[in-house]
Amino acid sequence: MNIARVEYYFAEMLSILEMPAHDEWIVEIVAAPWPDDPKHLDHGKLTIPDNIWYVGTANNDDSTFAITDKVYDRAMPIDINTKGKPFEAPDTPPCHINYKYFTQLLDEAVKANPISEENLKKIEILDDYVIEHFRVAFGNRVMKQINAFVPAFVGCGGTEVDGIDYALCKKVFRKFEALNISYIRDEIDGLVQQLDQLFGRENMNECKEYVRMLQKMT
């Protein structure tokens, strides 16, 4: 995705993803419509259906552009930092799930596994700490995504704290890369201690490993 600047060519789609009403998911395809345009083009515009999900890959090297917060704030990154190893996969029959059933499962997970008030308070305390020491705020968008992601993570068999750990690592602490690493290096130890104090030394390993990695880059 980042051979070109994502926020340039994908700008309209990024804006559409923010619209809660799906009937507003309309993107302009052609500026001058013709009578023989495809039937789903209405005056040059296409309505994005509910069953569309966006999955893209990006490299992090000198030949690509950095991906901005605007893009990451609307996505859930999955980092692949280890070497792939070949393996034999068993022949598995396909499982057909329509989007209505899938979104129903997500809605049910949010109702069944809401983040506990205790952990929401801990996230709030951590937010205040990060603002004070790193000048980085979570923001309402990120909290909305965390409140949707963590229940689904729990519904898939994970724990609430591990879901919070993953979400904060990918959605909040990733923003540290845009900071002056030399400036924040001495603040990392205090952040790790704050994570230990709030969530326990045995938890939040994604976040702690990530910020430790940033600390080593200085």
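Being a predicted model, the structure only gives us computed values, none of them experimental.
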Starting from I131, walk the hydrophobic network (Ile, Leu, Val, Met, Phe, Trp, Tyr; side-chain heavy atoms closer than 4.5 Å) and list everyone else you reach, by chain and number.
-> none
So with a 6.0 Å cut-off around CG of D61, is the heavy-atom count from everything else above 12?
-> yes
Residues A31 and E28: closest non-hydrogen pair is CA-OE2, 3.3 Å
With a 6.0 Å cut-off on ring centres, are F176 and Y210 close enough?
-> no
Where is the tightest heavy-atom contact between R74 and L14, given as atom of each residue plus distance?
-> NE-O, 3.3 Å
Can you list the other members of the hydrophobic cluster that holds I80, where links are side-chain heavy atoms under 4.5 angstrom apart?
-> none
Exceeds 12 heavy-atom contacts within 6.0 angstrom, atom CG of D91 = no
Could you tell me the separation between the CD atom of E206 and the CG atom of L195, rounded to the nearest 0.5 Å?
-> 12.5 Å
Under 3.5 Å: donor-acceptor pair, side chain of N147, backbone of M143 | yes
Does a sphere of radius 6.0 Å around CG in N180 hold more than 12 heavy atoms from other residues, nucleotides or ligands, not counting ones at 6.0 Å or beyond?
-> yes
Side-chain heavy atoms of K121 within contact of E124, under 4.5 Å = yes
E118 and K122 ion-paired at < 4.0 Å = yes
Honestly curious: do F153 and I78 fall in one hydrophobic cluster under the side-chain, below-4.5 Å linking rule?
-> yes
Please report the C-alpha distance between N119 and F199 in whole Å, then the side-chain angles of each, then the deciding distance to 0.1 Å, and finally whether the side chain to side chain contact (heavy atoms under 4.5 Å, CB included) criterion is met.
-> CA-CA 8 Å; N119 279 330; F199 297 97; 3.9 Å; yes
So CG of L214 and CD of E177: to nearest 0.5 Å the spacing works out to 6.0 Å
When hydrophobic residues are tied together by side-chain contacts of less than 4.5 Å, even through go-betweens, does M204 share a cluster with V192?
-> yes
Which atom names give the shortest non-hydrogen contact between P114 and A112, and what distance separates them?
-> CD-C, 3.3 Å
Contact check, side chains of D73 and K175, non-hydrogen atoms, under 4.5 Å = yes
If you round to the nearest 0.5 Å, how far is CD1 of I146 from CD1 of I115?
-> 6.5 Å
Indicate, with yes or no, if I181 and V172 share a hydrophobic cluster defined by side-chain heavy-atom contacts under 4.5 Å among Ile, Leu, Val, Met, Phe, Trp and Tyr.
-> yes
Do side-chain atoms of W25 reach the backbone of M19 as a donor and acceptor pair under 3.5 angstrom?
-> yes
Do the side-chain N and O atoms of Q193 and Q197 include a donor-acceptor pair separated by under 3.5 angstrom?
-> no
If you count the non-hydrogen atoms of other residues, nucleotides and ligands that lie under 6.0 Å from CD in E117, is the total more than 12?
-> no
Hydrophobic cluster membership, I125 vs L120, 4.5 Å side-chain cutoff | yes
Using 4.0 Å as the upper bound for N to carboxylate O, is an ion pair formed by K45 and D37?
-> no
Closest contact, heavy atoms only, A109 versus P151 | O-CB, 3.3 Å
Any donor-acceptor pair under 3.5 Å linking the side chain of T64 with the backbone of N2?
-> no
Keeping the roles fixed (side chain from K171, backbone from P77), state whether a donor-acceptor pair exists under 3.5 Å.
-> no
At their closest point, which heavy atom of E160 faces which heavy atom of S116, and how far apart are they?
-> OE2-OG, 3.0 Å
Carboxylate-amine/guanidinium proximity below 4.0 Å for D165 and K208 | no
Salt-bridge test for D189 and R212: reply yes if a basic N is under 4.0 Å from a carboxylate O, no otherwise.
-> yes
Rounded distance (nearest 0.5 Å) linking atom CG of D42 with atom CD1 of I29 | 12.0 Å
Which is it for V150 and N113 under the side chain to side chain contact (heavy atoms under 4.5 Å, CB included) test, yes or no, and what are the steps along the way?
-> CA-CA 8 Å; V150 173; N113 313 305; over 6 Å; no
Aromatic Y166 / basic K170 pairing, under 6.0 angstrom, 45° off normal = yes
Indicate the ring-plane relationship of Y129 and F134, choosing parallel, tilted or perpendicular according to the 30° and 60° boundaries.
-> tilted
Show your reasoning for whether side chain to side chain contact (heavy atoms under 4.5 Å, CB included) applies to H133 and L191.
-> CA-CA 9 Å; H133 292 268; L191 175 60; over 6 Å; no
Of all heavy-atom pairs linking L168 and C207, the shortest is CB-SG, 3.9 Å
Hits for ring pair (Phe, Tyr, Trp, His ring centres under 6.0 Å) against W53, two or more places apart or cross-chain, chain-then-number order -> F102
To the nearest 0.5 Å, what is the distance between CZ (F65) and CE (M1)?
-> 14.0 Å
In terms of heavy-atom contacts, does OH of Y9 have more than 12 from other residues, nucleotides or ligands at under 6.0 Å?
-> yes
Check the hydrophobic clustering (I, L, V, M, F, W, Y; side-chain heavy atoms under 4.5 Å; chains of links allowed) and say if V30 and F10 are grouped together.
-> yes
What distance do T159 atom OG1 and I164 atom CD1 have between them, rounded to the nearest 0.5 Å?
-> 8.5 Å
